[in-house]
Amino acid sequence: MDEEQRLSVGHLVDDGTPVSLPVVEILTGRGFVTGKSGSGKSNTASVVVEQLLDAGYPVCIIDADGEYYGLKEEYELLHAGADEECDIQVSAEHAEKIAALALDQNVPIILDVSGYLDDDEADELIRETARHLFAKEKKLKKPFLLVVEECHEYIPEGGGMGETGKMLIKVGKRGRKHGLGIMGISQRPADVKKDFITQANWLVWHRLTWENDTKVVSRIVGSEYGEKVPDLDSGEAFVQTDWTDGGVRRIKFNRKETFDAGATPGLDDFERPELKSVSDALMDDLEGITEMREQEQNRVAELESRLENRNERIRELEDELESARNVSAAARKMANALAHGEVGAPEDVQRRLREKDERIRELEAKVAELQDEQSELGEFEAGVDESAPATTDGEAGEVDDAATADSPAVDGATSSAGETVGEEAEANETDEKGSGESAVWDAEDDEVMAYLERLRERGHELRDSVVTDINPETASLIDLAQSEPVVVRIDSARRESLCNEDHSWDVVATLARDGPMTVHEIDESVAASVEQIQSLLAELRKRSFVTRDENRAYALNREAMVAVVEDPDERIRTSELIAQWRE
């Protein structure tokens, strides 16, 4: 990329001098554009985006109000969201593929979240897309801009910021060194977290009239600008940038060249232009993800239906069982009465009593069998989401034809206690054990057992890595961290933290190899979140296994680990625990 390449965005109000912005600073920097409704802030953002697209640099726009689809008048963009007007309807499952299209295939993206009725669904889509963009940029380091409209909804001043806001703050703080820039847009700067505004290296202040907003201008830009910002004309703005020495400039921004989809509707009719889109081939993988999600939903619905059928069948058999028990009890009472009268029970009564006892045993066995099947169905349904591997980059998983085969219907049971139902029970048992369903359970059992076996193998690997014989004076930090007494202490800290087992040992190994390190440096080396890492480090500090210096860099405490290894009482107690652990 040409470091001197610039974007022509407007001219100085005072003398008409053209104004341009450096491409590299816009793509990789942190920008903030603000102004009240109608002041021109969205036009300014569109002008910047148009200039970037003209220069061949893709962007991803988080469109909160459905204002940016007008860009498709001139540019081929992927318009993704919830509305039918979008090129494709997407959810959080598509986030990784959206990031891949943007960064790997240079596809500009409009992520239109205005049509989602569920705010949590839109929130998750934004968060996951930003997360995958950030993760891919750590490897690619390709200049790319993320535009976020109505950013005060995600990174508000004061409390209430959720995981999406934290992800956007992370992009703002750490994205620049990876090539990922961010431009936040809001009409209420007083409602935007000040850390985000003050860290921006280019800011555009359009007309603001509310006192709380003008106070923000006075505090960040200067009181003279806070007094003048209410008098700016539409399209005018005070612009401050880190890369110029000329202070704050008053700029009149150009008008956007594409269709203004965000303009306030007037009385005059307007003709919507013909809009462009990306090729169908680029959307094939996204559509495949949608189809796979629908198949999973259908599979869950099928399992739920089968569970309900089993429940209904159990209820019918339980009713029949209760009826049979009542009749059997009445027959026994009659037999006892005849016996006390010293009159032998008639043969037909004895026969019926034996038949009822046999029927009760059959029904009890059938109820137990159906309850076992119900339990297996419930366990499998719960395991669908937990054990099924996630697909990435559009690689849709194959769906077993046998898994979607119709389950044979279960015939209703006859509730009359006096009728012979042995043949019916035998027929139902044959239906429910049909060859199609048997094939389903064989395939599913194999998959689940393979998954459990992988977990067991991982557990053995972790246990077998423990060092049982060590010389503390010459041992490395890695060896000390893997010695029996230290492993027990670290595992105890892990259980009290938010960090899982794999991530905990990744953190310990990283500190042993590269420490001292800050939390954010550790975060770049392991898959755990900052919150998980901080939680684990806090527990390790309680046990004196980790120290922190004045620069908030953490390191393993060799002296503390050696002391634990050399303590004979600790070694005896640890050996007993390890023996139990290995068993």
Side-chain angles (χ1 to χ4, degrees), residues 59-69 77-102 107-136 146-156 159-171 182 184-186 191-193 261-262 277-278 282-301 303-304 381-382 384-386 388-394 396-397 529 531:
V59 298
C60 179
I61 305 168
I62 307 298
D63 187 359
D65 295 315
E67 297 181 344
Y68 286 85
Y69 71 84
L77 297 95
L78 174 62
H79 185 199
D83 293 333
E84 293 184 357
E85 289 190 352
C86 297
D87 297 327
I88 188 170
Q89 285 75 51
V90 296
S91 59
E93 287 87 350
H94 299 82
E96 185 172 4
K97 188 59 186 179
I98 289 172
L101 287 173
V107 178
I109 309 285
I110 300 174
L111 205 57
D112 188 346
V113 296
S114 64
Y116 290 93
L117 299 179
D118 186 345
D119 290 341
D120 290 339
E121 185 178 2
D123 232 37
E124 185 182 10
L125 174 60
I126 295 169
R127 180 174 65 254
E128 289 303 301
T129 301
R131 184 172 70 84
H132 284 294
L133 287 172
F134 185 85
K136 289 184 72 67
L146 176 63
V147 180
V148 184
E149 268 282 5
E150 306 294 348
C151 64
H152 59 272
E153 294 186 5
Y154 312 109
I155 46 176
M161 183 166 64
E163 293 301 317
T164 299
K166 293 177 182 177
M167 187 66 241
L168 295 177
I169 289 290
K170 184 175 182 179
V171 171
I182 186 170
I185 306 167
S186 173
D191 293 342
V192 179
K193 190 171 180 63
S277 185
V278 296
L282 288 176
M283 292 192 292
D284 285 346
D285 288 341
L286 288 171
E287 291 172 347
I289 294 172
T290 301
E291 291 173 1
M292 188 180 69
R293 183 188 182 199
E294 291 174 351
Q295 290 171 348
E296 290 175 352
Q297 290 173 340
N298 292 339
R299 176 62 173 150
V300 170
L303 289 171
E304 290 175 346
E381 182 182 12
V384 168
D385 292 332
E386 297 176 3
T391 58
T392 59
D393 293 341
S529 67
E531 292 77 7

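Quick note: numbers below take in every heavy atom, side chains included, and nothing from hydrogens, waters or symmetry partners. The structure displayed is predicted, hence computed values, not measured ones.
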Report the distance from atom [atom1] of [X] to atom [atom2] of [Y], rounding to the nearest 0.5 Å.
| X | Y | atom1 | atom2 | value |
| --- | --- | --- | --- | --- |
| Tyr69 | Glu85 | OH | CD | 6.0 Å |
| Leu111 | His79 | CG | NE2 | 9.0 Å |
| His132 | His94 | NE2 | NE2 | 12.5 Å |
| Asp191 | Glu150 | CG | CD | 10.5 Å |
| Leu125 | Glu93 | CG | CD | 9.5 Å |
| Ile61 | Leu77 | CD1 | CG | 6.5 Å |

Over all heavy atoms of both residues, which pair between [X] and [Y] is shortest? Give the atoms and the distance, please.
| X | Y | result |
| --- | --- | --- |
| Leu133 | Ala102 | CD2-CB, 4.4 Å |
| Ala122 | Val113 | CB-CB, 4.0 Å |
| Asp112 | Ser114 | OD1-OG, 2.6 Å |
| Ala80 | Cys86 | C-SG, 4.0 Å |
| Ile98 | Val90 | CD1-CG2, 4.4 Å |
| Cys151 | Ser186 | SG-CB, 3.9 Å |

**Report entry** Identified side-chain contact (heavy atoms from CB on, under 4.5 Å) partner of Val147 from the options Ile185, Ile62, Ile110
**Finding:** Ile185
Flag, side chain of [X] to backbone of [Y], donor-acceptor distance under 3.5 Å:
| X | Y | value |
| --- | --- | --- |
| Asp63 | Tyr68 | yes |
| Asp87 | Leu78 | no |
| Asp65 | Glu67 | no |

Query raised in the report: Of all residues at least two apart in sequence or in a different chain, which pass the side chain to side chain contact (heavy atoms under 4.5 Å, CB included) check with Glu124?
Result: Ala92, Arg127, Glu128
Query raised in the report: With a 4.5 Å limit on heavy-atom distance, are the side chains of Leu146 and Cys60 in contact?
Result: yes
Report task. May I ask you to test the Tyr154-Asp123 pair for a side-chain heavy-atom distance under 4.5 Å? Result -> yes
